[in-house]
Novice: 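This is the structure I have questions about; it appears just below.
Proteins get letters first, then strands, A, B, ... in listed order; numbering begins at 1 in each.
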Protein chains: 2
Amino acid sequence: MDTTQRTEQQQSADRRRRELLEAADRVVLRDGPHASMNAIAAEAGITKPILYRHFGDKGGLYAALGKRHTDALLDSLRAALDAPAERRERVEATLDTYLAAIEARPQVYRFLMHPAEGSQGEAGFDVGKHSAPLLRRMGEELAQVIAERLDLGPGSEQLARVWGHGIVGMMHAAGDWWLGERPCSRAELVRSLADLLWGRLAAAGDKVGGPGF
Amino acid sequence: MDTTQRTEQQQSADRRRRELLEAADRVVLRDGPHASMNAIAAEAGITKPILYRHFGDKGGLYAALGKRHTDALLDSLRAALDAPAERRERVEATLDTYLAAIEARPQVYRFLMHPAEGSQGEAGFDVGKHSAPLLRRMGEELAQVIAERLDLGPGSEQLARVWGHGIVGMMHAAGDWWLGERPCSRAELVRSLADLLWGRLAAAGDKVGGPGF
DNA sequence: ACGTACATGTTACTTGCGGTAACACGAGTG
DNA sequence: CACTCGTGTTACCGCAAGTAACATGTACGT
């Protein structure tokens, strides 16, 4: 039949696509985001045009690659956010999940966020535009959770979205900085961020002698 | 004398450098970050090797370009942060200054932050790694201000740095999202972010029937 | 006046990558 | 057996980064 044929072919094409993605994953994680299409094709045991037949262009490949990791990360975040516990505890668990993920596989993180600066300290310059997708998706998801579960009064819809993106950005920037400098333990970082979210900034007193922030 | 010679040459070289930077600025802001070195050289009325003599490589040029804008932005932020007013008011003024800047010149912002996706909806892919420098610098500056002026008890040094980078990340991500979707006025955005910083997240009540965040 | 040193500029090239066209092989089907 | 279609290859194009080698003006020491 036509349909069965199509299905078989589709399945085989999908398997192939997954294999190619895994090969690309290996190369990108080994060589950094500067990996050339030639290198990826070589790792997969084939040549360039096949990659292009599957993914269109390099952007397509990187987008597919990014989506895999993004989906995985979002799944763990959702799990942490859905755990049965107090709100602050869940917030801390979510922050910790994210930070643990970028700590465990910094290569993946660097690829997703700012794919420049390959492993070597080269003056590399090429980058993907993945950060936006990941950050945006996380922001939107968090906004939805906030809007669903929190009672924020009038304008809650918009407030939730601002907060979603804002909190995600806070987590992202702090995590990025922390990953580079490692100025403290993950637990301390989580606590500090949660404290910030919990209003300690507003509650803090001015230092003696100064104008206070 | 030798020194006077060196000085005169240095001065002329500096003038030239500034001219080149301004030309590069025009091209980048017109063509997006995909601008080729050839195009920039042409705009400046000269040819490629001269650019390379002045800036080493494209990264050097873009770094110099980024530094100009970054310095300017940081100056306005410092001014807003130093204004004589209540803390929350100053925080709002600073947020507003940043958002006003990215609103007024989105081209510059896009170049500094994620220089991909040129004005045309191309599948563009090349990017600079400028976001890190700008975000890092803003984070560190804010951290210093917090540490200097706020009384945060033990561990205040680290706490201030986490908060600095976290707040900057919040501002950045929210601003980036807002700039793309324009879901509300700038003033509303500022208010929402300040509310988040002021602990409204912690103070919000759970929605009826749900587990509450 | 003349060669020397140096800054400033150019042309023409190499290298490397993204992307594509054209061709080659193998298997199932009338 | 011819036909097609999926899968693969080689060989190429275009373009941008970066460089080598060469030209030219100008101040200086002798």
Side-chain angles (χ1 to χ4, degrees), chain A residues 1-2 4-20 23-24 27-28 31-65 115-116 118 120 122-129, chain B residues 1-20 23-24 27-28 31-63 65 115-116 118 120 122-129:
Chain A
M1 285 282 278
D2 190 39
T4 50
Q5 256 191 4
R6 282 278 294 279
T7 307
E8 287 171 14
Q9 289 170 191
Q10 200 102 349
Q11 279 181 353
S12 120
D14 279 9
R15 271 213 329 272
R16 201 93 186 88
R17 186 186 165 93
R18 259 192 295 275
E19 291 172 17
L20 297 184
V27 175
V28 165
D31 300 354
H34 294 299
S36 78
M37 293 298 265
N38 260 326
I40 296 176
E43 168 75 26
I46 45 109
T47 50
K48 264 196 302 180
I50 303 186
L51 285 181
Y52 284 95
R53 280 223 259 272
H54 275 273
F55 300 102
D57 62 354
K58 191 171 188 172
L61 203 178
Y62 274 44
L65 215 51
Q120 298 299 24
E122 288 277 319
F125 212 71
D126 302 289
V127 178
K129 54 178 176 183
Chain B
M1 283 284 279
D2 189 38
T3 55
T4 50
Q5 255 193 5
R6 282 277 295 279
T7 307
E8 288 170 15
Q9 289 170 189
Q10 201 103 349
Q11 278 181 354
S12 119
D14 279 9
R15 270 213 330 269
R16 202 89 186 92
R17 186 188 166 92
R18 259 191 296 275
E19 291 172 17
L20 297 184
V27 176
V28 164
D31 299 354
H34 295 300
S36 78
M37 293 298 265
N38 259 325
I40 295 175
E43 169 76 25
I46 44 106
T47 49
K48 263 195 305 178
I50 302 185
L51 286 182
Y52 284 96
R53 279 222 259 270
H54 275 273
F55 301 102
D57 62 356
K58 191 171 188 170
L61 203 178
Y62 274 44
L65 215 52
Q120 299 298 23
E122 289 277 317
F125 213 70
D126 302 290
V127 179
K129 53 178 179 184

Novice: When rounded to the nearest 0.5 angstrom, what is the spacing between CG in N38(B) and CG in L51(B)?
Specialist: 9.0 Å
Novice: Starting the side chain at C-beta, find the nucleotide from dT20(C), dA17(D), dG9(C) nearest to I46(B).
Specialist: dG9(C)
Novice: Roughly, in whole Å, what's the span from OH in Y52(A) to P in dT10(D)?
Specialist: 16 Å
Novice: What is the distance, rounded to the nearest whole Å, between atom CG of L61(B) and atom P of dG18(D)?
Specialist: 10 Å
Novice: Return the nearest nucleotide to the side chain of I50(B); candidates are dG19(C), dT10(C), dA21(C).
Specialist: dT10(C)
Novice: Determine whether any donor atom in the side chain of R16(A) lies under 3.5 Å from an acceptor atom in the base of dG6(D), or the reverse, and answer yes or no.
Specialist: no
Novice: Expressed as a whole number of angstroms, how long is the span from H34(A):NE2 to dG18(C):C1'?
Specialist: 16 Å
Novice: Supply the atom-to-atom distance L61(A) CG to M37(A) CE, rounded to the nearest 0.5 angstrom.
Specialist: 5.0 Å
Novice: In whole angstrom, give the distance that lies between atom CG of D31(A) and atom P of dC17(C).
Specialist: 11 Å
Novice: Please report the interatomic distance CD(E19(B)) to CD1(I46(B)), rounded to the nearest 0.5 Å.
Specialist: 10.0 Å
Novice: By nearest atom, which of the nucleotides dG18(D), dT10(D), dT19(D) is closest to the D57(B) side chain?
Specialist: dG18(D)
Novice: Between A35(A) and K48(B), which residue's closest nucleotide on DNA chain C lies nearer the 5′ terminus?
Specialist: K48(B)
Novice: Just the rounded figure in Å: distance from P of dT7(D) to CZ of R15(A).
Specialist: 11 Å
Novice: OP1 or OP2 of dT9(D) less than 4.0 angstrom from a side-chain nitrogen or oxygen of T47(A), does that happen here?
Specialist: yes
Novice: Rounded off to whole Å, could you give me the CG-to-P distance for the L20(A) and dT7(D) pair?
Specialist: 11 Å
Novice: Take the protein atom CZ of R53(A) and the nucleotide atom C1' of dC23(C), then report the distance between them rounded to whole Å.
Specialist: 11 Å
Novice: Which pair of heavy atoms, one from A23(A) and one from E43(A), lies closest together, and at what distance?
Specialist: O-CG, 3.6 Å
Novice: For the pair made of NE2 in H54(A) and P in dG6(D), what is the distance, rounded to whole Å?
Specialist: 12 Å
Novice: Of the non-hydrogen atoms in K58(B) and Y52(B), which two are nearest, and what is the gap between them?
Specialist: N-CE2, 4.4 Å
